[in-house]
J.: 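Below is the structure I would like to discuss, written out as structure tokens.
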Amino acid sequence: VNESLARRCGVRVSELIGQSVQTILTPHPSHPDPRQRMARMLAGEAVEPQLWQMTAAGGPCWVEAVAGPMHSPAGELVGIQGVSRDVTERRLAEDALRASEERFRSVFDNAPVGMTVVSPDGAVLQVNRALSAMLGYDDGALIGARVWDALHPDDVPTLQGLVGATLAGERDRFAVECRHMHRDGHVVWNQLHVFLERQSDGSPGRFISQMEDITEQRVAEAALRSSERRFRSFAESMAAGVLIVRSDGIVYVNEAVTTLTGFSREELLQKQAWDLVHPDERAGAQERVLRRMAGEELDPHTSYRLVTKTGECRWADITIVIFDLDGEPAILSTAFDLTERKLAEEALRSSEARYRGLVESQHELVLRFDADGHVTFANDAYCDTYGLARDQAIGAPFWPFVHPADVEQLRTAVKATMQPPYRATVEVRSRTVRGWRWFEWEASAVRDPNGVVLEGQAAGRDVTERRRTQDDLRASLEDLRRNEEKLRLLSQRHVAVREEERKRLSLDLHDDVCQELVAVAILVESAAGRLDAAPPEVMRDLGRATEYLSEVVDHLRDLARDLRPLVLHDLGLESSLRSLALRISNEKTTVQAIVATDIPRLEESAEMAIHRIAQEAVTNALRHAQARLVTMRLAVVGDCLQLEVRDDGRGFDVERGESSHALGLASMDERAQALSGRLSVESRRGEGTIIRLECPLSRRPDASAA
């Protein structure tokens, strides 16, 4: 024994001489039997170097020993010679590395998310069970494959760019959402986290990645976006104003609100809802909104006076519904302009709009099943929905949870899944822990590489609220149609009353006032005839008085004819329009009437309304447009009557609302509504104006087909 070994053991050389080698070795499971190794060396066999744990002054240490036989000059075996060196630090480092590798392997293999180890050139070195199951492969099937092969083709360039930047040293990790292709062909969305492990010299070693399946989240987000689009499409198409209000103010308004208030969308989004209310009612409106947001039950229906941007007051019928928006209470409010419909207030009050916020936050239900409808796999959402433990769900049929009326429909969908085209979509009711709920299921077949169907796979989402909303919407639309009909009848009655008043006034003017004025003129002429000696100026004044009376009588007769056109009453629309054109034409403006088809006699109220619309349109062209030519065109097309009044005057900007509130246009529109018709106006500055009326034919009972 040399001094170095004795110092390592903490004793003198003399104390080791004569001792067994095993006295300086510490028992360890990794040691071979020393006696067997000595026997092998004594037999002349070469023995490989061996690590031993030995007793040392500072505690056990590891040494690497090389031993071999010793021979005398005569070749006689005289002993065994050994040389050792302390490798404790190396052994501890190797043990720590093995422990680290074991921990990594344990975490890698048992991780709930998918994990891979990939070489810098993209070859898969390791893959855990979670990832294999996620993509539908057997354990180890992906080893050696290229990582790009499992990616969706559209995502490969993005991932290759990120990998290239990482290899170039621009980063050491990255995260991205990408799509992987399941073995059966469907897309699996993943949140991918990648870290590049570098070697001691800084060169790329291997990529370690984690993948979390976010397919359900993406589907839920897509459903939410679709719901949002449906809501916005519906809200923007409504004539009623729609607002969404939170505690911090207005967060959404549709175009109808900007039209009602005169404020732009950007201006409204900077306001509180009660800022739009008349000052006399603003405090009450603010209190009501805050109490409603606090959860207090109040009547959802009320009405307020609103103050527009120009200071004008307008009545609005308001309906509010509380719903949850991003975890906070919010108000969905609809506003109907009642200013022009105050007489129909009772009818409008009965037609509340019902709107509900849809929140689709529940994760999808996922299961696999055989051709008989027995569950072979179910996720947590499925089990929680039906109140089952996983072992209760696996192997059990799902038919007992389905509403009896929907079972046959679901069986048809299962059958369609098991045969081409291997897909089906169905909506059925299911009995859940929350009671009966509607679910939309999308199913597809899981097939092996040969195309043989192994089982079916389906994803289900709760669409109960959507179904209820659709039912409520249909009910709302029915209410709206009924109220529109009531409003049309009310407008029709209003027009009829006005025409009766015109007729009465026409008769009074013609039969009373005109006759009395004629009698006065006769008296004046008679008095003048008896004044033989009157001064000349008196006679001239009496003559002028007679002429003025005659002109007044003519003017009143023209006015009476306009109030009750006898040509219309006796001969119909065609003759009345021709008479109107002839009477209104003058040296500055030509008015012509074109009747393109035979016009049957219509109901008296309809003929009068159409005549009044034509009269108003022509009068507007003469008074305001400075037109040189005005053309009235009347025709029957199918079951509709069409009237067009076109002028070449100065026109106005329809899109900016110029003249949109003129009394004449409002009167024409009101008469068109009473006819169940539609009035449209086309005009641009400097390009004239076109007014079109289209309404159903309402023939007189005794009118001919012509």
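One-based numbering along the sequence shown. Here the structure is a predicted model, which means the values were calculated and not measured.
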J.: Is there a donor-acceptor pair under 3.5 Å between the side chain of E281 and the backbone N or O of R305?
T.: yes

J.: How long is the span from the CG atom in L243 to the CG atom in N254, to the nearest 0.5 Å?
T.: 7.5 Å

J.: Rounded to the nearest 0.5 Å, what's the gap from CZ on F263 to CG on L306? Could you check?
T.: 10.0 Å

J.: Hey, are T308 and T261 close enough side-chain-wise for a donor-acceptor pair under 3.5 Å?
T.: no

J.: Counting N and O atoms only, with roles assigned by atom type, does the side chain of S430 sit under 3.5 Å from a partner on the main chain of R437, one being a donor and the other an acceptor?
T.: no

J.: If every non-hydrogen atom of V253 is compared with every non-hydrogen atom of I250, which pair is closest and at what distance?
T.: CG1-CG2, 3.6 Å

J.: What pair of heavy atoms forms the shortest contact from M211 to T116, and how long is it?
T.: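 Answer, listing the atom of M211 first, then T116: CE-CG2, 4.0 Å.
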
J.: Closest approach of A371 and V414, non-hydrogen atoms and distance?
T.: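 Shortest heavy-atom separation between A371 and V414 comes out as O-CG1, 4.0 Å.
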
J.: Between V375 and R368, is there a side-chain heavy-atom distance shorter than 4.5 Å?
T.: no

J.: So, the side chain of D184 versus the backbone of R447: is there a donor-acceptor pair under 3.5 Å, distance only?
T.: no

J.: Test I214 against E177 for side chain to side chain contact (heavy atoms under 4.5 Å, CB included), laying out the working first.
T.: CA-CA 9 Å; I214 59 170; E177 287 187 7; 3.7 Å; yes

J.: Does any N or O in the side chain of Q392 come within less than 3.5 Å of the main-chain N or O of A389, such that one atom is a donor and the other an acceptor?
T.: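 Between the backbone of A389 and the side chain of Q392 there is a qualifying donor-acceptor contact (under 3.5 Å).
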
J.: Check each of W438, F439, W436 against H403 using the ring pair (Phe, Tyr, Trp, His ring centres under 6.0 Å) test, and report the only one that passes.
T.: W436

J.: Can a side-chain donor-acceptor contact be found between E255 and T258 if the only test is distance below 3.5 angstrom?
T.: yes

J.: For a 4.5 angstrom cut-off between non-hydrogen side-chain atoms, does M181 reach H186?
T.: no

J.: How long is the straight-line distance from OG of S264 back to CG of L269, given to the nearest 0.5 Å?
T.: 8.5 Å

J.: Between Y422 and V453, is the side chain to side chain contact (heavy atoms under 4.5 Å, CB included) condition met? List the steps.
T.: CA-CA 9 Å; Y422 304 112; V453 176; 3.6 Å; yes

J.: Taking everything shown except E212 itself, do over 12 heavy atoms lie less than 6.0 Å from its CD?
T.: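 Atom CD in E212 is not crowded, with 12 or fewer foreign heavy atoms closer than 6.0 Å.
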
J.: How far apart are the closest heavy atoms of V277 and Y304, and which atoms are they?
T.: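 Answer, listing the atom of V277 first, then Y304: CG1-CD2, 4.0 Å.
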
J.: At their closest point, which heavy atom of L675 faces which heavy atom of P696, and how far apart are they?
T.: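 In terms of heavy atoms, the two residues are closest at O-CD, 3.4 Å.
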
J.: If you measure from the Lys or Arg side-chain nitrogens to the Asp or Glu carboxylate oxygens, is any gap between E442 and R423 under 4.0 Å?
T.: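 Salt bridge between E442 and R423, a charged N being under 4.0 Å from a carboxylate O: no.
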
J.: In plain terms, say whether D380 and R390 are close enough for a salt bridge, that is, a side-chain N and a carboxylate O under 4.0 Å apart.
T.: yes

J.: Counting N and O atoms only, with roles assigned by atom type, does the side chain of D370 sit under 3.5 Å from a partner on the main chain of G373, one being a donor and the other an acceptor?
T.: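 A pair under 3.5 Å: yes.
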
J.: Got E427 and Q409 here, is their nearest side-chain heavy-atom distance under 4.5 Å?
T.: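 SC-SC contact between E427 and Q409 ruled out.
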
J.: Got W148 and L159 here, is their nearest side-chain heavy-atom distance under 4.5 Å?
T.: yes

J.: Heavy-atom count check: over 12 atoms from other residues, nucleotides or ligands less than 6.0 Å from D121 CG?
T.: yes

J.: For a 4.5 angstrom cut-off between non-hydrogen side-chain atoms, does V127 reach I143?
T.: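 Yes, close enough: below the 4.5 Å cut-off.
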
J.: Is the side chain of D462 donor-acceptor paired with the backbone N or O of L365 at a distance under 3.5 Å, no angle test?
T.: no

J.: Within 45° of the ring axis of W441 and under 6.0 Å from its six-membered ring centre, is that where the NZ or CZ of R461 lies?
T.: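 Cation-pi check for R461 and W441: fails.
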
J.: Could you go through the side chain to side chain contact (heavy atoms under 4.5 Å, CB included) check for S132 and R129 one step at a time?
T.: CA-CA 5 Å; S132 296; R129 289 188 293 271; 5.6 Å; no

J.: Can you confirm whether more than 12 heavy atoms, excluding those of R146, are under 6.0 Å from its CZ atom?
T.: yes

J.: Begin with the C-alpha distance, continue with both residues' side-chain angles, and end with the deciding distance and a verdict on side chain to side chain contact (heavy atoms under 4.5 Å, CB included) for R466 and E440.
T.: CA-CA 11 Å; R466 188 190 74 189; E440 180 184 60; 3.9 Å; yes

J.: When rounded to the nearest 0.5 angstrom, what distance separates CZ in R474 from CD in E478?
T.: 10.0 Å

J.: Can you give me the closest heavy-atom contact between A459 and E364, atom names plus distance?
T.: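 Heavy-atom minimum between the residues: CB-OE1, 3.4 Å.
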
J.: Mind checking whether F398 and F369 have parallel, tilted or perpendicular rings, split at 30° and 60°?
T.: perpendicular

J.: Does anything in residues 153-162 pair up under side chain to side chain donor-acceptor pair (under 3.5 Å), and if so which pairs, sequence neighbours excluded?
T.: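 Counting only pairs at least two positions apart or across chains, the side chain to side chain donor-acceptor pair (under 3.5 Å) contacts touching residues 153-162 are D155-R179.
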
J.: Is a side-chain donor or acceptor of T432 paired with a backbone partner of R434 at a separation under 3.5 angstrom?
T.: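 Flag set: sc T432 to bb R434 pair under 3.5 Å.
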
J.: Do L290 and W274 make a side-chain contact, defined as non-hydrogen atoms from C-beta onward lying under 4.5 Å apart?
T.: yes

J.: Tell me yes or no: between the side chains of D372 and H374, is some donor less than 3.5 Å from an acceptor?
T.: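 No donor-acceptor contact under 3.5 Å links the two side chains.
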
J.: Is there a side-chain contact between L410 and W399, using heavy atoms and a 4.5 Å cut-off?
T.: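 Yes. Closest side-chain heavy atoms under 4.5 Å.
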
J.: Using atom types as modelled, flag every donor-acceptor pair under 3.5 Å from a side chain in residues 189-197 to any protein atom, sequence neighbours excluded.
T.:
{"from": "N190", "atom 1": "ND2", "to": "H180", "atom 2": "ND1", "distance (Å)": "3.2"}
{"from": "E197", "atom 1": "OE1", "to": "R206", "atom 2": "NE", "distance (Å)": "2.7"}

J.: So, do Y252 and L268 sit near enough that their side-chain heavy atoms are less than 4.5 Å apart?
T.: no

J.: Can you find a side-chain donor-acceptor pair between S444 and Q457 that sits under 3.5 Å?
T.: no

